Amino acid sequence: MFAELPDVKMYYEEEGEGEPVILIAGIGSNHRFWKSMVPLLKGYRVITMDNRGVGDTEYKGDIQIDIMADDVIHLMDYLHIYKAHIVGWSMGSQISQSLAIRYPQRLQSLTLVSSYQFRPHRSSYFMYMMGKAAADGLCTMDQVNVMLNSFCFPETTFAALEKKGIIMPVPKHPEDPHEVLKQMLSMDKFDTTEKTKDIKAPTLVVHGGVDIMVEPIKGRAIAQSIPNCKYIELPGEGHIIAAELYAEALRDHLAAHKMQAVGN
């Protein structure tokens with residue numbers, strides 16, 4: 001489905017009924033990133049979307065974290081949702097932080113997965129170089145995605161696949177490298193180090209214990225900075241964490257912070 005929003009024709013999907021839960025994906029990922037999580041959130045109205053620069057969403061203007069957060073607010077208005085549970089992964093967690101800081105009254109709860117207050121320097125170094133090379137036609141997005149897989153999944157994942165004779169796949173329909181680079185650059189100007197202490201929404205932070213894209217110290221730091229935040233670190237997990245490994249914790253978090261009444 002498409003929503004005609006200010007400067008954006010946003011592709012989104014929704015499934016189920018109940019309190020709204022909005023899932024926000026990370027860099028270079030569209031709504032399909034959440035395909036394993038959506039069925040694990042039965043009893044909720046689960047909404048996923050394609051951010052600016054990926055999937056089927058069309059936009060005018062710039063790509064910035066705060067602008068993508070504004071897009072979420074406009075989508076909520078379009079869907080007649082005043083408050084929602086917000087869940088963000090990686091870059092999506094930055095969008096979620098922007099929402100929590102700038103629109104606190106619109107969040108029922110906040111969940112940050114593989115999160116950070118500012119983009120890690122080492123990851124930015126290799127991601128920018130690979131992203132720029134793809135945008136310049138010096139490599140393919142398949143090659144970029146191979147590199148990203150190497151940083152997003154732990155050794156155990158590759159060992160298990162190799163044992164089965166399987167090579168880690170890359171997306172069948174890779175995103176436009178110029179747009180992914182814009183998303184990447186949007187993170188350079190975003191830093192919530194001095195702001196997360198002001199987040200009022202009940203917050204859950206989930207991080208992989210062997211995440212090399214965003215080291216666990218980053219997840220611990222953001223959790224420690226948010227008042228009354230609950231932190232879960234999953235041993236042996238990387239930057240991309242299988243939905244089933246934290247779905248129960250997420251459901252518990254949502255249930256613990258129910259709305260007084262469904263709707264506006």
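Keep in mind it's a predicted model, so treat the numbers as computed, not measured. The analysis underlying the following values was restricted to heavy atoms, covering all of them including side chains, and did not include hydrogens, waters or symmetry mates.
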Donor-acceptor contact below 3.5 Å, side chain Thr193 vs main chain Gln117: no
Please check this pair: side chain of Glu175 against backbone of Gly55, looking for a donor-acceptor N/O pair closer than 3.5 Å. yes
Look only at the side chain of Arg119 and the backbone of Met184, and say whether a donor-acceptor pair between them is shorter than 3.5 Å. no
Nearest-0.5 Å distance that lies between atom CE in Met49 and atom CE in Met1: 11.5 Å
Check: Gln143 side chain, Thr140 main-chain N or O, donor-acceptor pair, under 3.5 Å: yes
Run the numbers on Met37 and Val46 for side-chain contact (heavy atoms from CB on, under 4.5 Å), then give the verdict. CA-CA 9 Å; Met37 179 61 81; Val46 184; over 6 Å; no
Minimal non-hydrogen separation, His207 against Ser115, with atom names: CE1-O, 3.5 Å
Look up atom CD1 in Ile24 and atom CD in Gln94, then write down how far apart they are to the nearest 0.5 Å. 11.5 Å
Could you pull out the closest heavy-atom pair between Gly53 and Tyr59, with the gap in Å? N-CE2, 3.7 Å
For atom CD1 of Ile217, decide whether the heavy atoms of other residues, nucleotides or ligands shown that lie under 6.0 angstrom number more than 12. no
Stepwise side-chain contact (heavy atoms from CB on, under 4.5 Å) check, Tyr116 with Ser90: CA-CA 8 Å; Tyr116 41 95; Ser90 197; 3.6 Å; yes
In sequence, state the C-alpha distance, the side-chain angles, and the governing distance for Gln105 and Tyr82, and then conclude on side-chain contact (heavy atoms from CB on, under 4.5 Å). CA-CA 9 Å; Gln105 72 280 10; Tyr82 182 68; 3.2 Å; yes
Quick note, salt bridge (charged side-chain N to carboxylate O under 4.0 Å, His left out) partners involving residues 104-115, not counting sequence neighbours, are Asp77-Arg106
How far does CG of Asn228 sit from CD1 of Ile199, to the nearest 0.5 angstrom? 12.5 Å
Under 6.0 Å from the CD1 atom of Ile167, do we count more than 12 heavy atoms belonging to anything else shown? no
Return each pair, listed once, that meets salt bridge (charged side-chain N to carboxylate O under 4.0 Å, His left out) where at least one residue sits in residues 38-55; pairs must be two or more places apart or across chains. Glu14-Arg45, Arg52-Asp71
Main-chain N/O of Ile222 paired with Ser225 side-chain donor or acceptor, under 3.5 Å: yes
What I want to find out is whether Glu179 reaches Lys182 closely enough, with some N-O distance under 4.0 Å, to be called a salt bridge. yes
Compute both the distance and the angle, then confirm whether Lys9 meets the cation-pi test with Phe2: under 6.0 Å from the six-membered ring centre, within 45 degrees of the axis. yes
When you measure from the side chain of Asp176 to the backbone of His178, do you find a donor-acceptor pair of N or O atoms at a distance under 3.5 Å? yes
How are the rings of Phe158 and Phe153 set relative to one another: parallel (under 30°), tilted (30 to 60°) or perpendicular (over 60°)? perpendicular
Would you kindly confirm whether Trp34 and Leu75 end up in one hydrophobic cluster when ILVMFWY residues are joined by side chain heavy atoms under 4.5 Å apart? no
Please say yes or no: joined through hydrophobic side-chain contacts below 4.5 Å, possibly via intermediate residues, are Met127 and Val146 part of one cluster? no
same_hphob_cluster(Ile101, Met187) at 4.5 Å side-chain heavy-atom cutoff: yes
Is the shortest side-chain heavy-atom distance between Met168 and Thr157 below 4.5 Å? yes
Considering only heavy atoms from C-beta outward, does the side chain of Ile232 approach that of Tyr246 to under 4.5 Å? no
Any chance CD of Glu194 has more than 12 other-residue heavy atoms, nucleotides or ligands included, within less than 6.0 Å? no
Is Lys200 reaching over with its side chain to a backbone N or O of Asp198, donor-acceptor style, under 3.5 angstrom? yes
For Arg220, is there an ion pair with Glu233 - N to carboxylate O distance below 4.0 angstrom? yes
Starting at CD1 of Ile95, measure out to CG of Leu112 and round the result to the nearest 0.5 Å. 12.0 Å
Step-by-step side-chain contact (heavy atoms from CB on, under 4.5 Å) determination, Leu148 to Met130: CA-CA 9 Å; Leu148 289 174; Met130 292 294 293; over 6 Å; no
Within the 4.5 Å heavy-atom criterion, are Leu41 and Leu23 side-chain neighbours or not? yes
Examine His31 together with Tyr11 and report whether their ring centres are nearer than 6.0 Å. yes
Exercise: identify the closest heavy-atom pair between Asp66 and Ser98: OD1-OG, 2.7 Å
Asp70 backbone acceptor or donor facing Arg102 side chain under 3.5 Å: no
Work out which heavy atom in Pro171 is nearest to a heavy atom in Asn145; give both atom names and the distance. CD-ND2, 3.6 Å
Tell me every residue that passes side-chain contact (heavy atoms from CB on, under 4.5 Å) with Gln183, counting only those two or more places apart in sequence or in another chain. Ile27, Asn51, Val54, Ile63, Met91
Are Leu99 and Leu79 co-members of a hydrophobic cluster defined by side-chain heavy atoms under 4.5 Å apart? yes
Write down the atom of Thr196, the atom of Pro227, and the distance for their closest heavy-atom approach. O-CD, 4.1 Å
Are any of the side-chain heavy atoms of Ile86 and Ser96 separated by less than 4.5 Å? yes
Give the minimum heavy-atom separation between Pro177 and Ala135, together with the two atoms involved. CB-N, 3.8 Å
Is there a side-chain contact between Thr57 and Tyr12, using heavy atoms and a 4.5 Å cut-off? no
Looking at CE of Met68 and OG of Ser186, how far apart are the two atoms once the value is rounded to the nearest 0.5 Å? 4.0 Å
Compare all side-chain heavy atoms of Cys139 with those of Val144 and state whether any distance is below 4.5 angstrom. yes
Measure the shortest side-chain to side-chain distance between His239 and Trp89 over non-hydrogen atoms and say whether it is less than 4.5 angstrom. yes
Check the orientation of His257 and His253. Use parallel for under 30°, tilted for 30 to 60°, and perpendicular for over 60°. perpendicular
Group every Ile, Leu, Val, Met, Phe, Trp and Tyr by side-chain heavy-atom contacts under 4.5 Å, then state whether Ile22 and Val38 land in the same group. no
d(Ser109 OG, Lys83 NZ) to nearest 0.5 Å is 10.0 Å
